[in-house]
Amino acid sequence: MAKTPAKTKNNKKPGEWENLAKELKSLIPKLDEEGLNFLIEQAQVHLYNMQVDALNETLVKSQERAKTAAAKSAGKKTAKGSAGFSEIKVSESGSSYYIVYKTEWIMFSKEEIVKLVQIAGGQGTDLEIKERLFNWFARERSDLLRSAGIANKFDNKLKTLAGLLKKNFKVRK
């Protein structure tokens, strides 16, 4: 017999969980083998998704702690530090990111950030990395180039951005 949790992930009371378990148990004898296989597969997928959600929540909290610690240790930003790309922030939902340029927050999707991190962490000289970043922004997100006043691949703001991406994210091989 399964154990009854004190609280489920949705903060339901144990009584609600027990009622749902009883209802599911009463339906089992009415299902054929195919229906039971389907329910088992769905339960496994749901359990996996719950684990992923828990891991994502832990990652977001870790990133917030790391950023808070970095902000405390860095103290006030210097005039030079505030002149360009200064930080990358994660949205509360974790589905989008903001690259901060001066006082402007430029929003990116998770997929875009993954691509930028791959480019910044890729092989090559600084100029090659800056060129790949510039080409990607020119093709996909020219709004960042305009906001930061980046005219070509030789602009050192691209190197600063690449360093910021490498500092905040690790490339998985």
(request) Please identify each residue that fulfils salt bridge (charged side-chain N to carboxylate O under 4.0 Å, His left out) with K115, with sequence neighbours left out. (result) none
List the atom pairs, donor and acceptor, that lie under 3.5 Å between side-chain atoms in residues 91-100 and the rest of the protein, sequence neighbours left out.
unit_1: S91; atom_1: OG; unit_2: S93; atom_2: OG; d: 3.3
unit_1: S91; atom_1: OG; unit_2: G94; atom_2: N; d: 3.2
unit_1: S91; atom_1: OG; unit_2: S95; atom_2: N; d: 3.4
unit_1: S91; atom_1: OG; unit_2: S96; atom_2: N; d: 3.3
unit_1: S91; atom_1: OG; unit_2: S96; atom_2: O; d: 3.2
unit_1: S91; atom_1: OG; unit_2: S96; atom_2: OG; d: 3.3
unit_1: S93; atom_1: OG; unit_2: S95; atom_2: N; d: 3.3
unit_1: S93; atom_1: OG; unit_2: S95; atom_2: OG; d: 2.8

(request) Mind listing the closest non-hydrogen atom pair of D155 and G149 along with its distance? (result) OD2-O, 3.7 Å
(request) Supply the atom-to-atom distance L20 CG to L24 CG, rounded to the nearest 0.5 angstrom. (result) 8.5 Å
(message) What I'd like to find out is whether the side chain of F108 reaches to under 4.5 Å of the side chain of L116, using heavy atoms alone.
(response) yes
(request) Count the heavy atoms of every other residue, nucleotide or ligand shown that sit under 6.0 Å from NZ of K166, and state whether that count exceeds 12. (result) yes
(request) Please identify each residue that fulfils side chain to side chain contact (heavy atoms under 4.5 Å, CB included) with L164, with sequence neighbours left out. (result) F85, I88, N168
(request) Apply salt bridge (charged side-chain N to carboxylate O under 4.0 Å, His left out) to E112 and list each qualifying residue two or more places apart in sequence or on a separate chain. (result) R141
(message) Test of understanding: clusters of I, L, V, M, F, W, Y form through side-chain heavy atoms closer than 4.5 Å, transitively. Do L39 and L27 belong to the same one?
(response) no
(message) Tell me every residue that passes side-chain hydrogen bond (donor to acceptor under 3.5 Å, both in side chains) with E104, counting only those two or more places apart in sequence or in another chain.
(response) S147
(request) Test L47 against Q51 for side chain to side chain contact (heavy atoms under 4.5 Å, CB included), laying out the working first. (result) CA-CA 6 Å; L47 288 171; Q51 290 172 333; 5.7 Å; no
(request) Mind checking the NE2-CD spacing from H46 to Q42? Nearest 0.5 Å is all I need. (result) 10.5 Å
(request) Would you check if the side chain of K157 reaches a backbone N or O of A148 as a donor-acceptor pair within less than 3.5 Å? (result) yes
(message) Connecting only ILVMFWY residues whose side-chain heavy atoms lie within less than 4.5 Å of each other, what is the rest of V114's hydrophobic cluster?
(response) none
(request) State which residues pass salt bridge (charged side-chain N to carboxylate O under 4.0 Å, His left out) with K61; sequence neighbours excluded, sorted by chain then number. (result) E57
(message) I'd like to know whether L144 forms a side chain to side chain contact (heavy atoms under 4.5 Å, CB included) with L161, so could you lay out the CA-CA distance, the side-chain angles of the two residues, the decisive distance to 0.1 Å, and finally the verdict.
(response) CA-CA 11 Å; L144 180 128; L161 179 57; 4.3 Å; yes
(message) Among residues at least two apart in sequence or on other chains, which ones pass side chain to side chain contact (heavy atoms under 4.5 Å, CB included) with V45?
(response) N49
(request) Provide the closest heavy-atom pair for G124 versus I129 in the form atom of the first, atom of the second, distance. (result) O-CD1, 3.8 Å
(request) State the CH2-CG distance between W136 and L158, to the nearest 0.5 angstrom. (result) 12.5 Å
(request) Report the hydrophobic cluster partners of L127, with the cluster defined as I, L, V, M, F, W, Y residues connected by side-chain heavy atoms closer than 4.5 angstrom, directly or transitively. (result) F154
(request) Could you list all the salt bridge (Lys or Arg N to Asp or Glu O under 4.0 Å) pairs where at least one residue sits in residues 26-37, not counting sequence neighbours? (result) none
(request) Evaluate the side chain to side chain contact (heavy atoms under 4.5 Å, CB included) criterion for residues I113 and F169: first the C-alpha distance (whole Å), next the side-chain angles of each, then the deciding distance (0.1 Å), finally the verdict. (result) CA-CA 9 Å; I113 288 293; F169 302 96; 3.7 Å; yes
(request) Any pair with a residue in residues 117-139 that passes salt bridge (Lys or Arg N to Asp or Glu O under 4.0 Å), sequence neighbours left out, goes on the list, sorted by first then second residue, please. (result) D126-K159, E131-K153
